[in-house]
Every structure is written in structure tokens, then in C-alpha cells.
> 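Attaching a single structure in C-alpha cells format; questions to follow.
What you see is a predicted model, and the numbers here were worked out from it, not measured in a lab.
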Amino acid sequence: MVHFTCDLCGKDITSAGEDRFVVKMEAFPGFDPNEIKEEDLEDDPMEAVSDMIRRDEAFGPQDHADDACRRKGFRFDLCPDCHRKFLRDPLGKSNASVFDFSKN
């Protein structure tokens, strides 16, 4: 039998008869494409693809591995109460502590 525990509160949600919610998140570097200009439309796309292939062949396997490490997926099982809390504050900002350091 598969056992499920809420990843936030630790409650056993296998046999509780309650719904189990799965939250999946993905983090990856953002990419903002450049603005398309008139001269971009005049470029030969096949030549650009060929250049990209040649450039990729020059990189070693480690270069591709570093890029893959920058992309990360997360999966969490949540009980109904924690799911409601997550929907209200997905980044947990309300739980973030504000530090007030003394001036020693």
C-alpha cells in the first residue's frame, strides 16, 4: 500500500478518507525574446539553424548538463487544509520572518 503524508504539516493522508492534493511547480531561467525587426525577417533561417548546430557541437557535455541543472521541478502532496493555505499564499510570504537586528 502506498503511504502519503502531507508535505507541509506531516499529517497522514493515506487512510484519512480526505482528498489529497498534488502541487507541481517548475523553476527555470526566464527568457525574453528580443524584439523582431525588419532586418530579422530578411535573415535566412536555415543558415541560422546551421550556425546554432555548429555552435552546440563545440560545447562539451558538461555545458548542456549545467543548463539542465538550472531547470528544476517540484512535487508536493498536501492535505485539504494545507492546500487551502497554499492557494491563499503560494510563496509563503505571510510566514516570512522580518529580521530586526540590533546595532551591536
Side-chain angles (χ1 to χ4, degrees):
M1 179 175 174
V2 178
H3 178 79
F4 293 102
T5 303
C6 178
D7 289 319
L8 281 178
C9 70
K11 177 181 176 182
D12 180 11
I13 51 179
T14 303
S15 60
E18 298 181 72
D19 291 335
R20 175 177 57 93
F21 295 90
V22 176
V23 174
K24 292 182 180 181
M25 299 187 324
E26 188 176 16
F28 52 89
F31 173 72
D32 296 325
N34 296 331
E35 186 177 306
I36 296 177
K37 300 173 188 158
E38 189 66 35
E39 61 259 15
D40 294 332
L41 299 174
E42 296 171 2
D43 291 340
D44 180 12
M46 292 309 292
E47 184 178 331
V49 169
S50 179
D51 291 343
M52 287 172 36
I53 291 171
R54 277 194 298 271
R55 188 176 52 226
D56 283 351
E57 288 172 348
F59 288 124
Q62 182 60 37
D63 297 318
H64 293 295
D66 289 342
D67 191 44
C69 291
R70 296 174 64 194
R71 186 177 202 98
K72 182 75 176 162
F74 302 91
R75 182 186 184 279
F76 304 100
D77 294 310
L78 301 179
C79 69
D81 291 335
C82 290
H83 178 250
R84 281 190 290 281
K85 291 176 189 175
F86 173 79
L87 291 178
R88 283 194 301 269
D89 187 16
L91 295 179
K93 288 184 174 186
S94 64
N95 294 332
S97 299
V98 177
F99 294 104
D100 187 22
F101 293 106
S102 62
K103 298 176 182 168
N104 294 7

> Cys79 and side chain to side chain contact (heavy atoms under 4.5 Å, CB included): which single residue from Ile13, Leu8, Asp7 fits?
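Answer to the side chain to side chain contact (heavy atoms under 4.5 Å, CB included) test with Cys79 among Ile13, Leu8, Asp7: Ile13.
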
> Not counting sequence neighbours, which residues clear salt bridge (Lys or Arg N to Asp or Glu O under 4.0 Å) with Asp81? List them please.
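Testing Asp81 for salt bridge (Lys or Arg N to Asp or Glu O under 4.0 Å), a comparison that skips the adjacent residues, returns Arg84.
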
> Rounded at 0.5 Å granularity, tell me how far CZ in Phe86 sits from CZ in Phe76.
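Rounded to the nearest 0.5 Å, the CZ-CZ separation comes out at 8.0 Å.
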
> Do any N or O atoms from the side chain of Thr14 and from the backbone of Phe4 form a donor-acceptor pair under 3.5 angstrom?
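Yes: the side chain of Thr14 pairs with the backbone of Phe4.
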
> To the nearest 0.5 Å, tell me how far Lys24 NZ sits from Phe74 CZ.
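Between Lys24 NZ and Phe74 CZ, I get 14.0 Å after rounding to 0.5 Å.
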
> Go through the structure and list residues passing salt bridge (Lys or Arg N to Asp or Glu O under 4.0 Å) with Asp77, not counting sequence neighbours.
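Asp77 satisfies salt bridge (Lys or Arg N to Asp or Glu O under 4.0 Å) with Arg20, Arg75 once adjacent residues are dropped.
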
> Locate the shortest heavy-atom distance separating Thr5 from Gly10; write the atom from each residue and the value.
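Answer, listing the atom of Thr5 first, then Gly10: CG2-O, 3.1 Å.
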
> Applying salt bridge (Lys or Arg N to Asp or Glu O under 4.0 Å), name anything that partners Glu47, two or more places apart in sequence or on another chain.
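For Glu47, no residue satisfies salt bridge (Lys or Arg N to Asp or Glu O under 4.0 Å) once neighbours in sequence are set aside.
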
